[in-house]
Amino acid sequence: MDSMTANLLSLFAIGLVQLLAVISPGPSFLITAQTAAARSRSDGLKVAIGLGSGSVLWAVAALLGLNMLFQALPTLFFVMRVLGALFILWVAFQVFRHAKDPLVLEGHDGAAGPFLKGLLTQISNPKVAVFFGSIFVSMLPVQAPLWMTITLLVIVFLNEFSWYSIVAMLFGSGRVREFYIGMKAWIDRITGLFLGALGIRLLWSARETA
């Protein structure tokens, strides 16, 4: 097997592993779905772009060896995990707090709002950097060529953006939105509780790195 074929197989394997991780339910899914249903598909897509951008930042950090820095300075990893958990809890509180508020239509938050929500959601979880660091170390060649590194970052973004775009399109459909409008208070309360539970779990699991 020549080096080009081996590199392409490595890219495919890494992309598949990351895609499976992206599809697994978590805060990113809930925030994308809630944004698309509450506001619009376009806002859901902006969240998806933010999530993809956040994944690329963590992937770059992993390539630069940030996960090794976390291992050398566990206190830094602990602090970042705590901050990430607190951010998720803040989002959960806001969703739950405004559950009874009338639906705010697209355009009131500004173009950057949903994007920043997605970006902050993703970068609030330093475990993503550790995940990328683990698969990069085990599946990338020791000296990956530049084209392979660039392609890898594109795959990371497309995996994240594509999946959450599908989520945004599904939850931003007319029928789903009508259902959401009728059940907004309860749906937002349940979403807030789920996000809160995830935030508490992240906060509790951060003790392992204390």
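Starting from 1, each residue takes its place in the sequence as its number.
- Taking 4.5 Å as the limit, every side-chain heavy atom of Ser53 sits out of range of all side-chain heavy atoms of Glu160.
- The two residues Ser173 and Leu170 come nearest to each other via the heavy atoms OG-O, 3.1 Å.
- Ser55 and Gln122 share a side-chain donor-acceptor pair at under 3.5 Å.
- Judged purely by atom type and a 3.5 angstrom limit, Asn159 uses its side chain to pair as donor or acceptor with the backbone of Gly15.
- Residues Leu30 and Val91 have side chains not in contact (no heavy-atom distance under 4.5 Å, counting atoms from C-beta outward).
- The environment of CH2 in Trp147 is crowded: more than 12 heavy-atom neighbours from other residues, nucleotides or ligands sit within 6.0 Å.
- With Trp204 as the aromatic partner, Arg201 does not meet the cation-pi criteria of under 6.0 angstrom to the ring centre and within 45 degrees of the ring axis.
- Each of Thr35, Leu45, Thr32 was checked for a side chain to side chain contact (heavy atoms under 4.5 Å, CB included) with Val167, and the lone residue meeting it is Thr32.
- In plain terms, the two heavy atoms of Val156 and Val56 that are nearest each other are CG1-N, 4.1 Å.
- Across all their heavy atoms, Ile31 and Thr121 have their closest contact at CD1-OG1, 3.3 Å.
- Using a 4.5 Å heavy-atom cutoff, the side chains of Tyr164 and Ile49 are not in contact.
- Leu89 contributes atom CG, which lies 10.5 Å from atom OG of Ser124 (distance to the nearest 0.5 angstrom).
- Using a 4.5 Å heavy-atom threshold, the side chains of Gln34 and Phe171 count as separate.
- Scanning all heavy atoms of the two residues, the minimum distance from Phe132 to Ala62 falls at CB-CB, 3.6 Å.
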Could you give me the CA-CA distance, side-chain angles and deciding distance for Leu11 and Ile155, then say whether side chain to side chain contact (heavy atoms under 4.5 Å, CB included) is met? CA-CA 8 Å; Leu11 286 173; Ile155 291 173; 4.2 Å; yes

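- Side-chain contact check for Phe115 versus Val47: every heavy-atom pair is 4.5 Å or farther apart.
- Crowding of Phe194 atom CZ: a count of heavy atoms from other residues, nucleotides or ligands under 6.0 Å not exceeding 12.
- Taking 4.5 Å as the limit, every side-chain heavy atom of Phe96 sits out of range of all side-chain heavy atoms of Asp188.
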